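All values derive from a computational prediction rather than experimental measurement.
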Amino acid sequence: MIVTVGKNGAIPLPPDDDLNEENKLKIGDILLCTLMKDKRSIKLEKFLDQSLNDEQIKAHGCLCRVEELNPEDFE
């Protein structure tokens, strides 16, 4: 899935109805993030190894974990 980075670096995701089972994201999923040529969009793919800890994710450099955030932080 390719998304456009929004205000404060937020990445809006499509509703679950628009995603197939393979693309649905859950809290805790580890994603591989690839910056697209336009530098405004990011390609998000579920990373094959979902067992990494936070230190391993940070060390990789292009991974992130899906976390639940407070929408008020992005207003």
What residues form a side-chain contact (heavy atoms from CB on, under 4.5 Å) with K37, not counting sequence neighbours?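 K37 satisfies side-chain contact (heavy atoms from CB on, under 4.5 Å) with no residue once adjacent residues are dropped.
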How would you list, by chain and number, every residue that makes a side-chain contact (heavy atoms from CB on, under 4.5 Å) with I27, sequence neighbours excluded?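 For I27 the side-chain contact (heavy atoms from CB on, under 4.5 Å) partners, ignoring immediate neighbours, are V66, E68.
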In Å and rounded to the nearest 0.5 Å, what is the SG to CG distance from C62 to L31?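 C62 atom SG to L31 atom CG measures 12.5 Å (nearest 0.5 Å).
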Co-members of the apolar cluster containing L32 [side chain, <4.5 Å]: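 Traced through the cluster, L32 reaches I30, F47, L52, I57, L63.
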Residue pairs passing the side-chain hydrogen bond (donor to acceptor under 3.5 Å, both in side chains) test where at least one lies in residues 52-62, sequence neighbours excluded: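 Applying side-chain hydrogen bond (donor to acceptor under 3.5 Å, both in side chains) to every pair that reaches into residues 52-62, excluding sequence neighbours, yields D54-R65.
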